[in-house]
Amino acid sequence: MRGPRISDASDKELARLRQKGKKATEEVHRKRRVRYLTVFSLIFLILGVQLILNITTTHRIKSEIQTNKTSLVQQKERNRRLKIKRNNLKDPDYLAKYIRYKFYYSKKGERIYNIPENSKDNQ
């Protein structure tokens, strides 16, 4: 049989053995607490990192969405203006006026005079 025999030991010996056993169990409990604390700390750290990554990704995606919404509004406005311009160019009266204005075309017997648009620039 291994270990000391308790039945033959004196009171001092019994107290020392109990103290030794108590220290051993305290050491086991301390190691167990450290292991649990380490495991929980790692889990907490991993979850914290994941949370931070999710928050930054969400923020980036929200800013991209806002940028895309702004771009979409601008493109819709541009599309609306182009549709109006297309519809106007289908009108023969508007088209004739536009060509005369843009390219200085004139009707037979019509004279074209160039008048500056800003009178302040000429003074």
Side-chain angles (χ1 to χ4, degrees):
M1 209 170 162
R2 296 178 116 177
R5 294 191 179 140
I6 297 177
S7 61
D8 296 339
S10 66
D11 287 337
K12 276 186 162 184
E13 194 67 25
L14 279 173
R16 190 181 64 76
L17 288 175
R18 284 187 186 125
Q19 186 69 20
K20 191 175 181 181
K22 188 176 179 183
K23 282 184 180 181
T25 56
E26 285 177 1
E27 183 66 22
V28 168
H29 288 272
R30 187 188 65 79
K31 286 182 180 180
R32 200 174 287 159
R33 274 194 309 268
V34 168
R35 285 183 190 142
Y36 286 146
L37 185 61
T38 303
V39 168
F40 286 126
S41 297
L42 285 174
I43 291 172
F44 183 74
L45 181 67
I46 290 170
L47 292 177
V49 168
Q50 288 296 322
L51 182 65
I52 290 170
L53 290 175
N54 285 339
I55 289 171
T56 56
T57 303
T58 303
H59 179 69
R60 181 182 50 82
I61 290 172
K62 282 183 179 181
S63 66
E64 285 179 13
I65 288 172
Q66 186 62 33
T67 303
N68 290 338
K69 281 183 179 180
T70 304
S71 176
L72 179 65
V73 167
Q74 291 171 350
Q75 290 298 321
K76 282 185 176 182
E77 178 61 27
R78 182 173 181 260
N79 192 22
R80 186 187 65 77
R81 286 192 316 260
L82 288 174
K83 282 182 180 179
I84 290 171
K85 191 173 184 178
R86 181 193 66 193
N87 290 336
N88 285 340
L89 289 174
K90 287 180 181 180
D91 182 20
D93 292 333
Y94 176 82
L95 186 60
K97 286 179 185 178
Y98 182 76
I99 289 172
R100 283 200 323 265
Y101 172 76
K102 187 76 171 172
F103 300 109
Y104 299 110
Y105 280 20
S106 63
K107 293 180 183 179
K108 199 166 202 174
E110 186 179 46
R111 291 186 185 167
I112 299 175
Y113 296 103
N114 287 332
I115 300 173
E117 292 182 17
N118 294 333
S119 61
K120 291 181 181 179
D121 292 340
N122 292 335
Q123 293 178 357

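Judged as a salt bridge (Lys or Arg N to Asp or Glu O under 4.0 Å), and not counting sequence neighbours, Arg86 has no contacts. In terms of the salt bridge (Lys or Arg N to Asp or Glu O under 4.0 Å) criterion, Arg32 has no residue partners (sequence neighbours excluded). Residues satisfying the side-chain contact (heavy atoms from CB on, under 4.5 Å) test with Phe103, not counting sequence neighbours, are Ile99, Tyr105. For Glu77, the salt bridge (Lys or Arg N to Asp or Glu O under 4.0 Å) partners are Arg80, Arg81, not counting sequence neighbours. Under the side-chain contact (heavy atoms from CB on, under 4.5 Å) criterion, Ile43 pairs with Val39, Leu47, not counting sequence neighbours. In this structure Leu89 satisfies the side-chain contact (heavy atoms from CB on, under 4.5 Å) test together with Lys85, Tyr94, Leu95, Tyr98, sequence neighbours excluded. Legend: residues meeting side-chain contact (heavy atoms from CB on, under 4.5 Å) with Thr38, ordered by chain and number and at least two apart, are Val34, Leu42. For the side chain to side chain donor-acceptor pair (under 3.5 Å) test, no residue two or more places apart in sequence or in another chain qualifies with Gln75. Considering only residues two or more places apart in sequence or on other chains, Arg100 meets the side chain to side chain donor-acceptor pair (under 3.5 Å) condition with none of them.
Residue pairs satisfying the side chain to side chain donor-acceptor pair (under 3.5 Å) criterion with at least one member in residues 46-67, sequence neighbours excluded, are listed as follows: Arg60-Glu64.
If you take NZ on Lys97 and CG on Asn88, they are separated by 11.0 Å, rounding to the nearest 0.5 Å. If you take CG on Leu82 and CG on Asn87, they are separated by 11.0 Å, rounding to the nearest 0.5 Å.
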Return all side-chain donor-acceptor pairs below 3.5 angstrom for residues 20-28, not counting sequence neighbours, or 'none' if the list is empty.
| from | atom 1 | to | atom 2 | distance (Å) |
| --- | --- | --- | --- | --- |
| Thr25 | OG1 | Gly21 | O | 3.2 |
| Thr25 | OG1 | Lys22 | O | 2.8 |
| Glu27 | OE2 | Arg30 | NH2 | 2.7 |

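If you chain together ILVMFWY residues whose side-chain heavy atoms come under 4.5 Å of each other, Leu72 ends up in a group of its own.
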